[in-house]
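Below is one structure, written out as structure tokens, with a few remarks after it.
Residue numbering restarts at 1 for every chain, and letters A, B, ... go by the order of the sequence lines.
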Amino acid sequence: MNYVVPKTALEASKALVQEGAFALAGGTDLLVKLKTKFVSPSMVVDIKQVPKIMGIEATADGWWIGAATPCAEIVEHESFCKDWPGVVEALSLIGSTQIQGRATLGGNLCNASPAADSVPALISARGTCIISGQSREREEPIEKIVTSPGVTALEKGEFILGFKLPKPQSGTGDAYLRLIPRSEMDIAVVGAGTTVSVDKNKKITSIRVCLGAIAPTQIVLDGLEDIFIGKEPDENSINKLVSIAEAACKPIKDKRGTIEYRTKIAGVLSKRTLTIAYERATNH
Amino acid sequence: MSKTHVATHINGDSYEFLCNTQQTLLDVLRHELDLKGSKEGCATGDCGACSVMMDDRLVCACLVLGVEADGKKIETVEGLSTGSSLDPLQQKFIDLAALQCGICTPGVLVAAKALLEKNKNPSEEEVRFWLAGNLCRCTGYDKIVRAVLEVAAEARNT
Amino acid sequence: MAQLILTGSLKNLTNGIGEFTIQARNVHQLVGELKRICPPLAPLIESEGFAVAIDGEIYQDILFAAISENSEIHLIPPIGAG
Amino acid sequence: MNDMTQTNLERALKIVGSRPARPDGVDKVTGRALFGADKSLPNMLVGRVLRSPYAHAKIISIDTSKAEELKGVKAIVTSTDFEDFPSEFVPNGEMVVNMKDITRNVMAREKALYVGHTVAAVAATSEDIAEQALALIDVTYEVLPHVLEVEDAEKPGAPLLHDDMITIGIEPAPESASNVAKRVEFGFGDVEKGFSEADLIIEREFTTQQVHQGYIEPHACLASVSEDGQAELWCTTQGPFVVRNFCSKLLGFNAAQIRVTASEIGGGFGGKTVVYLEPLALALSRKSCRPVKMEMNRAEVFTSSGPTSGAKIWVKIGVKNNGQITAGDCVLKYQAGAFQGAPVGPGAMCAFAPYDLKNVRAVGYDIVVNRPKVAAYRAPGGPISEYGVESVIDEIAIKIGMDPIELRLKNAAKEGTIAPYGPKLGPIGMIETLEAAKSHPHYSAPLGPNQARGVASGFWFNIGGETSSSITINEDGTVGLTLGTPDIGGSRASMAMMASEELGVPMELIKPIIGDTNSLGFNFLTGGSRATFSTGTTVVESTREAIEELKKRAALLWEVSLDQVEWFEGHARLISGDEPKTMSLAQIAKQAGKTGGPIMANCSMNVTGAGPSLGTHIVDVAVDEETGQVSIIRYTAIQDAGKAIHPAYVEGQMQGGAVQGIGWALNEEYIYNEKGELENTGFLDYRIPVCSDVPMIDTVIVEVPNPNHPYGVRGVGETPIIPPLAAISNAVSRATNKRFDELPLSPPKVLAKLMHG
């Protein structure tokens, strides 16, 4: 196994184009796959020295989060935490403190697990990612990246350089909740990220709910605008949200949960994240 | 295949070693450098017995490649004590019987020290969530949490 | 004369008889007695490692544990170690 | 022994009952302590294991020729490298084992009986080469249908794991083979008559899943067999002498050929009482004449070591309206794994043991299935059966409107009670722990919304057994202790404390070590809560013998008769005489050479008189009725320790046992797919409690002394894992007004019950 540390994005892409090359950021997924012989790379491309890929900073129109920034570093960024508390909730749930010291948003997305914690939150926040490749950089909405479990829309030689999140407009709140059997250290049985914005009368002006672990990829719930826009959430609209969430589920039965359980929890977490996000929006 | 040369700092000392690229930092610490204090309980980042500091971040040594340690600052359980004086956490773990078999202890101590450096006044809940990645099967965690809270309190009072 | 009391499945081996009078001063002699009066019981103590409770005290593999005139004896399986 | 007991229980104790630092503390907090995988030898090879991918398969052939040709491969072993044995139960140390099964579990012979069953092992110059060699071993299997659950395995027509298994304990013996290895029955009185006298009868079926001890240190060993057949084995084990006996039998060695040294042990809980890698490493080393190191990875620990049984339990209890139990009856069906030996006997014996019953019956079945052979796990068999009984007791309390502690008090076993397994009980602390629970502030504290409180008790026998230890008085007055039971949880501290108490010298001057198998007589393993009781007994005995010798030397020097000398606080003292005369231990030790030679003593005995330990736990849970999540809000463990030598480590046992029980109750389970493969082979999905899952575990140590130990010790390690299962299930049942009868109470199971009843 070769190990290279490219110093530029182009060098990284050129290395990643080669057969059997794997990108290494935080390594919290890749090293497990190496240990269990799930993958046998011919080359590991450590992308952490590529410019801009590490660190978090405020930009003119929002936030830049380098794809290889450890979650622990993002969580320590006070003004980002104020802007996107739900995203921070989600990424701070990726594994233990030790995992946080290494795990990255780029890795969490490109591992392409339906249960990735940060992904529903980033999608609900309408985040995008900058993809670096051999010939060009491109920007894509995050929901376009994962196409099926373990598979992404990245082309050969491409990797994620970083994430862009908008500066939340006033009256915006987000929230992320997941269901795990224990209090920590588990993979999400269901994850839900919700972002809502309200006007000064506390009426909802936009809403986005994204669910994880209930289908082969993350699912953005459809049809919420008709129910919520221009209104405050009430029992009736929340019940409709629960039904839509349950109907969107195409889960599998596995060691982490039954189909019935995942479906039920998708509804519960949609409701609970909406309540928290709405509360945050009205106080924002 | 030829091995890779790595130069690193461990517990304040310079180390150079040769390793295979597949070897983890834990493999290197244990097998190449004979630093056996970091333990392998799972090799997949689930138990925390190999917790070490890398450039002031708490990580599982089993989830870091040995080659990634090049130019980095690594701190392990072997670096907690200074000369013949134990770190207050080490002493408190002995005093309060916060260990039974002791296999998780090195990782727990490294993680707890990282917490107290970041947060001088952690709540019980903060200690518990910070240490959630350090599995202990013997103690039920009670005396571990008490020991960390007591060391924090004593540090604040001195 | 000591009393040997059998309960549960052991009685299957003695045609349902639950009490025996035993002439033995220790477990070693008890095994000899059992061979004589109830042959199916003897192998339990000899090879299956049954323990013997004498007046409530449990003896595991102790041949010369004393049995007194009025002792009450039970045969029980050995207890494992966790 | 009883006279000494008297003097000790009456005199004021200086060290016993205090909380000194453990002798191995610094080694453990600095990373210096050497565990199973921490030792290496020059010229060492790495051993790896080839495991069956099938749950049940005939092994037609094994071709190792290609693997042998691989450069760097130094030895390959298969079943032909191990002894075979007839099917019979023979004592091995204190365990009764069937060596025919043991040799087949260590290395599959005719059949592979579970996924992960060892089929071959390789030693090579590197791990990579060893792994490559495994891939080159060509095994031809004939895959057979498998069976995983007891209810399927006992059916006629089920796939048979062993063609010759005729159920023991049924008269007349069945004519055909089955998967039911054994039937046991305990009890007395007339249960049918008892039920006819009852005002209320509750009858219920329970299910528990297979769970693992979950020790953090994987199995590991280092074997070195020299050209002349002398073997050294370093391994992580609860019983080096037991390992020696197993290995010498399996390899055709004699006991003197193998010296076993126990490493520091990173948790065992019963799982490190048998052998897995050790005979393989020895066989590989014997073939290659080089040291061989072997380690299991975490997945191998789960698939191929010895978890405990999953079970089906049926419990029926009859009761008068006033709470008097009229009869108790239960049927227990335990998974044995691939070979017989489920802990259903002790499970049946202790099911009703906390209670004083007139009519009681407990029937148990030991049933083989295509899972790893079970090993001991903390109070083997007890948590499962007592979970069923304690759940029904709680249901009765609710139905007759009685406080659950009062109901237990009304029926509590006490000194003189005839135990369900026959004998009369000596002094035990059931009533004392219940009273302590009732008066604990926790029991009357207010509860929040969606919260409820559960209570359960637990009984465990505790054991003694063969034990040997020695004491040496060094020439400068310090003391060495050599012990034969590995220290898992601070026992070196307890032993040094007892020696210190007896000698009257500071504990810091006493150095306890764990000896190898050549340094002492046979020791049964650390387990069954026996170390402080049994090894403690021998330490006290040998220390007293050393004191006698010290007095003799003083008498010689003073030229008086021995009866003129007494021992007082580290000194020999002349009893009579005009002026007080004393001589310190150090002064006597300094002249030991001139007064007859070095002073040492040992004590080897088969320790008897273990006292059962009773516990009662109180737990508050919160149930999220929308998600089925159960949170532990508050927990109090109360237990009779007899006497707590080092209370901090007694509390530690109670806390650790309680949290293991919490894991068993809430989330731990072996999950198999339809191919018989274990799906959760890591700590990610085999969910042991993490730090943030649990609150502080309050403890109350009750001390009802065991009259058979010099300080009254009962042993504490086993009991605390028993009550949590039912206590939590009872709390969840009370919180939701639904009676739960299945473990684990994982969120999907709890929600399904809430939705569908």
For this session: May I ask you to name which of A/Arg256, A/Lys264, A/Lys35, A/Lys37 has the most heavy-atom pairs under 4.5 Å with chain D?
Result: A/Arg256
Problem set entry | Residue D/Asn450 excluded, over 12 heavy atoms near CG under 6.0 Å | yes
Problem set entry | Contacting moiety of D/Glu131, where chain A heavy atoms sit under 4.5 Å | side chain
Problem set entry | Salt bridge D/Glu626-A/Arg272, side-chain N to carboxylate O under 4.0 Å | yes
Seminar exercise, completed: Turns out that what part of A/Glu260 lies under 4.5 Å from chain D's heavy atoms comes down to side chain
Problem set entry | Main-chain N/O of D/Asn680 paired with A/Lys255 side-chain donor or acceptor, under 3.5 Å | no
Problem set entry | D/Ser746 vs A/Pro181 side-chain heavy atoms within contact, under 4.5 Å | no
Problem set entry | Top contributor to chain D interface from A/Leu269, A/Val189, A/Ile265 [non-hydrogen pairs under 4.5 Å] | A/Ile265
Exercise. Taking all atoms of both residues into account, what is the closest heavy-atom pair of D/Pro748 and A/Tyr261, and its distance?
Worked result: CA-CD1, 3.4 Å
Seminar exercise, completed: In terms of heavy-atom pairs under 4.5 Å with chain A, the winner among D/Leu751, D/Val690, D/Ile671, D/Thr627 is D/Thr627
Problem set entry | Heavy-atom pairs under 4.5 Å with chain D, option from A/Thr258, A/Thr36, A/Ile187 with the top count | A/Ile187
Exercise. Checking heavy atoms, do the side chain of A/Lys271, its backbone, both or neither come under 4.5 Å from chain D?
Worked result: side chain
Problem set entry | Which of D/Asn673, D/Leu666, D/Asn667 touches chain A most, by non-hydrogen pairs under 4.5 Å | D/Asn667
Exercise. Are any of the side-chain heavy atoms of A/Met185 and D/Leu684 separated by less than 4.5 Å?
Worked result: no
Exercise. Has the side chain of A/Ser183 got a donor or acceptor atom that lies under 3.5 Å from a matching backbone atom of D/Ser692?
Worked result: yes
Exercise. Just by modelled atom types, is the A/Asp254 backbone N or O under 3.5 Å from a matching donor or acceptor in the D/Glu679 side chain?
Worked result: no
Problem set entry | Donor-acceptor pair, side chain of A/Arg182 and main chain of D/Ile688, under 3.5 angstrom | yes
Problem set entry | Atom pair CG/CZ of A/Asp186 and D/Arg687 - distance to nearest 0.5 Å | 5.0 Å
